[in-house]
Amino acid sequence: MSRYNAKVTEPKWQAEWDQVEAFKAEIDPSREKYYVLEMFPYPSGRIHMGHVRNYTMGDVVARYKSAVGYNVLHPMGWDAFGMPAENAAMGKNVHPADWTYQNIADMRSQLKPMGLSIDWSRELATCDPEYYGQQQAMFIDMMAKDLVYRKNAVVNWDPVDMTVLANEQVEGGRGWRSGALVERKELTQWFFKISDFSEELLAGIDRLDQWPEKVRTMQRNWIGKSQGLQFNFKTTGAPKGFEALEVYTTRPDTLFGASFAAISCDHPLAKSLEANNPEVKAFNEECRQLGTTEEALETAEKRGFDTGITVTHPFNEAWEMPVYIANFILMGYGTGAIFGCPAHDQRDLDFARKYDLVVTPVVCPAEQDPDTFTIGSEAYTGVGNIINSRFLDGLSIDDAMTEVIKRIEAAGTGQAQTNYRLRDWGVSRQRYWGCPIPVVHCDACGVVPEKKENLPIELPKDVTFDRPGNPLDRHEGFLNCECPACGRPAKRETDTMDTFVDSSWYYARFTAPHADTPTVAADAEYWMNVDQYIGGVEHAILHLLYSRFFARAMNITGHLPEAAIEPFNALFTQGMVCHETYKDPDGQWLQPDEIKSVDGGFVTKDGQPVTVGPSIKMSKSKKNVVDPEDIIDQYGADTARWFVMSDSPPERDVEWTASGAEAAWKHLQRIWRLTDEIINADTGDGSADEAMLLKRASHRAIADVTAGVEGFAFNKSVAALYQFTNTLAKSKADAAAKREAMLVMAQLMQPMVPHLAEEVWSTLGGSGLVTQALWPKADPAMLVDDVITMPIQVNGKRRDEIQVAKDATKAEIETLALASATVIRLLDGAEPKKLIVVPGRIINVVI
RNA sequence: GCGGGCGUGGUGGAAUGGUAGACACGCCAGACUUAAAAUCUGUUGGGCGAAUGCCCGUGGGGGUUCAAGUCCCCCCGCCCGCACCA
């Protein structure tokens, strides 16, 4: 008997698929299309198990959809701009482009052996001028449609590396690379007007009914809509120009519970005060420093600085309240100023208790007596009726809000206001390895977009990273250019775009990846939207929100049809691949291949005891990684694919274990052995009954595997295939019947283990490629047995079971059930109180 | 604090309100073998029992129902996300 040799077989079938261009996607108006996309990888240089899981899932969907008749688009590309390339340039003295393209080549050669059904002719890399040139074209179009603007913004500035840092790159107030104290610096930056779309992006979430609820919630929270009132306090004692203080509140109903006003340390008024008051300055500085670390925020005590300024209550000329600068007010939200109502807001209460301010309850819960209701150390934020509030007394919270807004608007000192947390998207990066922003600064004409015929504005290759800062800033050839408007010498913009821009439209580019326009209408029309998008939940907010914005911007600029403004019809977020962690006696992490199993425990290769830690996401730092290349080398791609699809539901984390991988391999070998038996040894008895049993099992398997794939429960499809294999292995049917069954098996396992499926298929004489075979259909008649087993419950407890014909009537089933010896015994002569028969399901006798 | 999710054998996990534990791993036993590996067969939630059987069992407590892992209420624990958002 021949052993299945994946090393030989897998490349053979991959070559075969290539030859017939099995996965090439072409527009065919006569067929319905299906677009499957997995989030494209960053070319770090090596694929990891997370990639294997992600791309296998997508491949199962793509192969299945293709088999049921769809015209499938399943592309692959590289999210190739970004900081690691520059870090490598600085650390290893290689050019970012060389580093990146080498990594892409390496990863492609690791990915191809997986046998994914990808149309490689559509491969793209975002760092390729062919790609980012089109991105520049769209940037110019977006400028024309007023979707882009420049403004001053405060950024985290690393004075040593001379670059802007993202918030995630600031650790404890210091730059993550240089260790230098990060400065807050105002720079002119480019922004996309995503906030214009706040309401639309929020409303659109309701229609994304094939997205995980979790992701939809996260996006809603991120957009952060709140409705309230924005109004002016009249100030006393404030510097010139601050006669009014504008505040924002979502609780206008509590206006009579106000006891102070507070502003952010970054509020213009606070800044004005600090100019000639060192005490204010010191306090403000302290607040700003505190703002950087997260734990500081969590534990920070509410603190304030009394400015001596007062404000007048809008409904009572005689009511004056102090104005504080407070450390818990954020300039970035609302107006950066509030009124404090301690009774009904915990932060305000903490603050009021510390500074001994009045706490007046104005909302009284229904079960409380308004005359005795007081606030202790906890603010009351629930519902109730308004008290202590003159004309609002007795109203509900909602009615009081409406009334206050009405009166404020009538007085002309404010208006109802909807605020969003979502802010405009700053896309400027002072970095080399990104898409150059295609504009020119001209002394005469100002900021001018580059002419489209001059695109792409390519990154110059001859740059050095021996000095900190953006190499583009000191590259004369790049810097000096002609003004596109007046033709005089001008300076090119040296900011490059945030890499999130690159990934915000690649799904659209895949529909016409090599066109000389960003998209082609006919292709976008046919292929968009992405029917199934698959990726990690870590992109639940930024990438997916930016993509939703970008699709709208592309529609406005004529690059995508209206129907594609929500580009991802269905989203699936897969779990991570985890592995146990190991440490040696010195507390050093150990790789799984550095240890060996010795009666139940583990020791190092030289016999040291090993401490086994919890199973966590595979990561280099914990060394709990298994390299897909090693697995493919040892067992073949099908084994890796089978393993990551089995056991755990796709949305949950899966734990990689050596024994699990072994088990997957054994199963595939077993399939091959059974195939071998079918062609070489007819061990069956040839009875029609046995053949029928096997046929039924086939249809059962078709139904179960299909349901599993359709429902994104690949683990259940795998289980159904195991079950079918067990049945087939034990079957006494003749070789012809087994061959039929095994051909069905090959079709059903094709999406998961395509190479073995092809080998089995061709060995048994299936016609053509199983990859191109039509998916089998389950015959409903084959799913029901002639005789079914029905459990009998007595008072809800299972006591017996009976065999009944599949078309037995209720009355017949009742008679049979009451004839059961167990039922008769338990009834003990009595009449059943009730008899419930659920045909095909269960019988319950109530005594 | 807010939002979301989860809690089932030794383990990963199955179960349109209808036989809890499919399928897999692991363990144990047996067959084959000089032996091992591989393979095949069987057992495997707990308890009582010689046995037909019986009792208990899906984080805990209540409830709805002929019937609850599943639905409702309360509580406990774990995970993830966001967070001084006015």
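Values below: all heavy atoms of this structure, side chains included; hydrogens, waters and symmetry mates excluded.
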Check the orientation of [X] and [Y]. Use parallel for under 30°, tilted for 30 to 60°, and perpendicular for over 60°.
| X | Y | result |
| --- | --- | --- |
| A/W656 | A/F643 | tilted |
| A/Y380 | A/H344 | perpendicular |
| A/W642 | A/H667 | parallel |
| A/F572 | A/F712 | parallel |

Tell me if the aromatic rings of A/F256 and A/H313 count as close, with their centers under 6.0 Å from one another.
yes
| query | Is the A/F260 to A/F351 ring centre distance short of 6.0 Å? | reply |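 Here the rings of A/F351 and A/F260 have centres that are less than 6.0 Å from each other.
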Among the nucleotides B/C80, B/G13, B/G3, whichever has the atom closest to the side chain of A/P649 is B/G13
Nearest to side-chain heavy atoms of A/W222, which nucleotide of B/G12, B/C82, B/C40: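 In terms of side-chain proximity for A/W222, the closest of B/G12, B/C82, B/C40 is B/C82.
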Once you round it to whole Å, what is the distance between [atom2] of [N] and [atom1] of [X]?
| X | N | atom1 | atom2 | value |
| --- | --- | --- | --- | --- |
| A/I329 | B/A86 | CD1 | C1' | 6 Å |
| A/R423 | B/C85 | CZ | P | 13 Å |
| A/I541 | B/G4 | CD1 | C1' | 12 Å |
| A/Y635 | B/A38 | OH | C1' | 14 Å |
| A/R347 | B/C2 | CZ | P | 13 Å |
| A/Q574 | B/G5 | CD | P | 20 Å |
| A/F231 | B/A86 | CZ | C1' | 11 Å |
| A/E580 | B/G12 | CD | P | 12 Å |

Rounded [atom1] spacing from [N] to [M] in Å:
| N | M | atom1 | result |
| --- | --- | --- | --- |
| B/A29 | B/C74 | C1' | 48 Å |
| B/A83 | B/A67 | C1' | 45 Å |
| B/G18 | B/G81 | P | 34 Å |
| B/U33 | B/G53 | C1' | 42 Å |
| B/G60 | B/G77 | P | 15 Å |
| B/C73 | B/G4 | P | 14 Å |
| B/G5 | B/C72 | P | 12 Å |
| B/U44 | B/G10 | P | 15 Å |

*Pair A/E801, A/T789: side-chain N/O donor-acceptor within cut-off below 3.5 Å*: no
Do A/D424 and A/S195 have a side chain donor and acceptor closer than 3.5 Å? yes
Presence of [X] side-chain N/O under 4.0 Å of [N] phosphate oxygens OP1/OP2:
| X | N | answer |
| --- | --- | --- |
| A/R652 | B/G13 | yes |
| A/K617 | B/C79 | no |
| A/Y333 | B/A86 | yes |
| A/R799 | B/U52 | no |
| A/R825 | B/C54 | yes |

Within the 4.0 Å heavy-atom criterion, would you say [X] contacts the bases, only the backbone, or no part of the nucleic acid?
| X | answer |
| --- | --- |
| A/N844 | base |
| A/V846 | sugar-phosphate |
| A/K730 | sugar-phosphate |
| A/P212 | nothing |
| A/T217 | sugar-phosphate |

Comparing A/L826 with A/K834, nearest RNA chain B nucleotide closer to 5' gives the residue A/L826
The residue, A/V537 or A/T250, whose nearest nucleotide of RNA chain B is more 5′ is A/V537
Assess whether a salt bridge exists between A/D350 and A/K354, defined as any Lys/Arg side-chain N lying under 4.0 Å from an Asp/Glu carboxylate O.
no
>> Under 4.0 Å between a side-chain nitrogen and a carboxylate oxygen: does that hold for A/K225 and A/E199?
In response: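 Salt bridge flag = yes for A/E199 with A/K225.
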Scanning all shown strands, the Watson-Crick or wobble mate of B/U64 with both distances under 3.5 Å is none
Subject >> Nucleotide opposite B/G1 in a Watson-Crick or G-U pair, distances under 3.5 Å >> reply: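 Here B/G1 is engaged in a pair, and the nucleotide opposite it is B/C82.
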Going 5' to 3' through nucleotides 19-28 of chain B and flagging B where a protein heavy-atom sits under 4.0 Å of the base, S where only the sugar-phosphate is that close, and - otherwise, we get B--BSSS---
N-glycosidic conformation, B/G9 - syn within 90 degrees of 0, else anti |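 The base of B/G9 is oriented syn (glycosidic angle within 90° of 0).
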